[in-house]
2 protein chains.
Amino acid sequence: MTDLAALKRDLDGIPMEDNPVLVKQKSRDFFWYSPVLKRRLDHVTGDLVVSPRDRDEVIRVVRACFAHGVPITPRGAGTGNYGQAMPLSGGVVLNLAEMNKVVEIRPGVVVAEAGAIMEKIDQETRAQSGQELRLHPSTYRTATIGGFVAGGSGGIGSIRWGGLRDLGNVIRVEVVTCEAEPRVLQLTGADVAKVVHAYGTNGIVTAVEMPLAPAYDWVDAVVAFDDFLAAAAFADALGNQDGILLKNLAVIAAPLPYDYFLRHRRFLRRDQSTVLVMVAPFAVEAFAAFTRRFKAADVVYRSDLATEEERKGLPPVYELAWNHTTLRGLRVDPSITYLQVLYPFPHQLERVAAVTKLFGDEVPGHLEFVRFDGKITCFGLPVVRYTSEERLEEIMRLHDAEGCPIFNPHRYTLEEGGMKQTDAVQLAFKREADPNGLLNPGKMIAWEDPDYDFGAEKLYLFPGLERTE
Amino acid sequence: MTDLAALKRDLDGIPMEDNPVLVKQKSRDFFWYSPVLKRRLDHVTGDLVVSPRDRDEVIRVVRACFAHGVPITPRGAGTGNYGQAMPLSGGVVLNLAEMNKVVEIRPGVVVAEAGAIMEKIDQETRAQSGQELRLHPSTYRTATIGGFVAGGSGGIGSIRWGGLRDLGNVIRVEVVTCEAEPRVLQLTGADVAKVVHAYGTNGIVTAVEMPLAPAYDWVDAVVAFDDFLAAAAFADALGNQDGILLKNLAVIAAPLPYDYFLRHRRFLRRDQSTVLVMVAPFAVEAFAAFTRRFKAADVVYRSDLATEEERKGLPPVYELAWNHTTLRGLRVDPSITYLQVLYPFPHQLERVAAVTKLFGDEVPGHLEFVRFDGKITCFGLPVVRYTSEERLEEIMRLHDAEGCPIFNPHRYTLEEGGMKQTDAVQLAFKREADPNGLLNPGKMIAWEDPDYDFGAEKLYLFPGLERTE
Ligand SMILES: Cc1cc2nc3c(=O)[nH]c(=O)nc-3n(C[C@H](O)[C@H](O)[C@H](O)COP(=O)(O)OP(=O)(O)OC[C@H]3O[C@@H](n4cnc5c(N)ncnc54)[C@H](O)[C@@H]3O)c2cc1C
Ligand SMILES: Cc1cc2nc3c(=O)[nH]c(=O)nc-3n(C[C@H](O)[C@H](O)[C@H](O)COP(=O)(O)OP(=O)(O)OC[C@H]3O[C@@H](n4cnc5c(N)ncnc54)[C@H](O)[C@@H]3O)c2cc1C
């Protein structure tokens, strides 16, 4: 860092924090989920947290950082779990949390500032118009919409709408570029892909326009099976029921539900795998009728039938699903970790069976059924009973060999966490919107090292990261 | 008919009509669509039209008919096109059109009397709550919800929600049985299948509870292609876009759009096949971005971009789709007829290509993309340049041989129009709810002739039909 004092003077009037303890707190996310990332990123910290209150203040911050050559790492709520929001080269942590207004609500559409918490957006859209966001991560109650668009992929609602990457699931993104004179761009249509899931490496998202779906009082249901694969087959069939409106559909293998879902434990036996369902209230009857066709299905909980006593203290099922399964697991057993797997259509059930057979209780299954390219298939977040990095790597290789691509959650770069190749559109946009490479350095390998060999299968080490050690 | 006079006395106070000209009018539907049905059913008429105003009057009518052994054929708006609503044994035509109240609107749910017109239901649900029916036939502006549930299968909205047969697309059906003392049953869950698409052969539907979806100001778009198969491939890909909310997605082969869609003709060349799209207003940008990926796609019309002048007099695209394509064709060229085909997933595009090659302009293609068992595939309503019944039969056999099952629209029985087998659930329910077989006689072969051989491939001739000739 060259001249922090000068930068601060330029930002006079904008809320700032430079207490090292507090700055370090705001320089972390849920990277510690991964034993691999925990070891490598634990020391990372920024120099200064800046909390703009509106777009003009964002522009002032960016202009000043550009002038002084100070890196900027945007931050929403810091719930990302790949270290995405961690300032690998130090500099400014740009905290968007103060920009949290819902700007506009129309039929099918909400416009919100980047720092708005998703649950809060839904409270407003529900109250005003009976609508809610199509998609939200299981960190609904804490995460920001800007962080979701920049760092997330999908989650609750993906059984109906696919993921953030799908055209139409993000209508517009307002982006401030990192240039001498920052520009405000409105990306729409296919252009939103320039910044969706780009970890804020190529623009500061200041507002988003998202599609809405009708808000219902979703019913939570837990269906127990003695056999994990029977549970998976049931979920697959349920997901293919076109008339039964669901909001989430997950399968968790025994003994995880009993071991990790402590408040739901009283409904379960340890040898039961569970299907977690969010279903529209007016579809519950159809759901029940469908479920009756499966002799092995045991509906152990339904929020619409539970007494107030029974419901008390129970988290919503979306907080048992997606990465919340892992989070609850980590609380019970800090030695576990997890993976992210795609079981491609149309062989998803065979693939799940194959890896289940291969790993047994070393990798207990966790499936999230989603729409993917128009078809129902499942994405996996299996728990891994972690022994070593080598074994973890081997488990990933074995998944790949079984035709199940891994999205590695133990990497902080876009490429290594994704398709192991560079997104040419995002790279091109970074050239345009962040010519000096100040935005979230170290997260896009293609920018740092255009000749990097992804075939080598080793972990990318961002040189800047060493500098801050 | 034994004693019509006595029946009339029993029904005193309930609106009736026995003028033979008017009764014959109300004994017909769109059966004349089919040259085969036209020849066989043209003479059919009932004896008396009775128009109850509420459920109690329905019960009175049924009780009296049962006592006198008089057949009852329920009727909504008479827009069915298989002769479903035609009283093959004469007797009472039970006109439900006077029972047309919307009873209740809740989030996701509407309850309406059987005779309510679908467009009218939507007007009320839109005004009260911004909601609309998930599914409607292209006869939206004239057909009743009871007739749709009893005689239809799906249509506009099926790209999103599948068909009426899918669990959850009909929540509850209120049915009056035909017994000495008629009962009122509330069928829910899987039980709705007892009467859905049973042509009123096993109960009088007096009210239905249907799921609602959000109502949007759907944008109509027409995308033209020089090649029909390219249009089909585009539509297939568009239908698989999980984030782009559509309400209908149809493909019509050249020269039909130019020849039949007279008011849209000015946007088209005769050699262009068209994709007809209904898309949510907030998804138009994503739709446009998606369409730009297809070099051959030419967006010739979009209602949101059209001037008022251009929009004037244009029917909505849903009135170019489903059976309205055929209807518009028949107006231009009364010699044509049509078929109903399923192109099963995952080989729908190959199957379409195969039959297109086989028949050329003798059977110009018309595809309706739908969700079917969770996947996007297409259903076909190809136009047939009709020459003879023999050739029509041959065309159907050739479709079957190409792996494209036919749902024969030239038959008035449930079995021959459907899967060529009896629905055991509907038959069992008829035994219970219509023990004397008075409801819509001649439409369920299994009831009339339990030993009928469907393998014989010949047309079923209802004996009662000959009696009325
Ligand atoms: C228990 C748990 C469950 C989770 N479940 C899901 C899930 O179901 N689905 C899912 O997709 N994710 C999930 N996540 C990951 C994460 O919670 C979500 O993606 C969340 O939406 C991130 O929002 P945030 O505000 O916390 O973003 P942050 O963590 O603060 O940031 C995420 C990334 O976006 C960048 N960023 C943040 N704001 C901006 C901005 N305004 N402009 C530019 N870049 C920005 C950051 O630099 C970072 O790279 C889960 C995580 C945990 C710990
Ligand atoms: C141009 C055109 C387009 C069409 N498009 C579609 C389409 O997209 N999708 C589709 O599914 N259909 C379509 N149809 C067929 C038909 O219009 C619809 O199915 C419509 O919903 C039927 O409603 P209706 O009120 O006219 O019923 P009717 O024709 O009066 O009756 C249909 C059947 O249901 C029975 N019935 C009617 N009311 C009751 C009741 N209350 N209780 C018990 N039985 C009853 C009748 O006896 C008959 O067997 C189309 C027809 C035409 C002519």
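Excluded from the calculations below are hydrogen atoms, water molecules and symmetry mates; all remaining heavy atoms, backbone and side chain alike, are included. Just so it is clear, the model here is predicted, and its values are computed rather than measured. Within every chain, numbering begins at 1; the chains are lettered A, B, ... in the order of the sequence lines, protein sequences first and strands thereafter.
K375(B) has its side chain within reach of F345(A): a pair of non-hydrogen atoms, C-beta onward, lies under 4.5 Å apart. I171(B) has its side chain out of reach of E285(A): every pair of non-hydrogen atoms, C-beta onward, lies at least 4.5 Å apart. Side-chain atoms of D242(B) and D166(A), non-hydrogen and from C-beta on, do get closer than 4.5 Å to each other.
With a 4.5 angstrom heavy-atom cutoff, L212(A) touches chain B only via backbone atoms. Using a 4.5 Å cut-off between heavy atoms, A280(A) does not touch chain B at all. Contact of R134(A) with chain B is made through the side chain alone, with heavy-atom distances under 4.5 Å. Residue contact with chain B, scored on non-hydrogen atoms closer than 4.5 Å, involves the backbone and the side chain of I244(A) alike. Of the atoms belonging to A283(B), not a single heavy atom falls under 4.5 Å from chain A. The part of R293(A) that comes within reach of chain B is its side chain, from C-beta onward, which places non-hydrogen atoms under 4.5 angstrom from that chain.
The most heavy-atom pairs under 4.5 Å with chain A, out of Y216(B), F290(B), F287(B), come from Y216(B). Taking V284(B), V192(B), V109(B), N240(B) one by one and counting their heavy-atom pairs under 4.5 Å with chain A, the maximum is reached by N240(B).
In this structure, Q241(A) CD and D373(B) CG are separated by 8.0 Å, a value rounded to the nearest 0.5 Å.
A pairwise comparison of heavy atoms in A289(A) and A190(B) identifies CB-N, 3.4 Å as the closest pair. Listed here is the closest heavy atom pair of A286(A) and L167(B): O-CD1, 3.8 Å.
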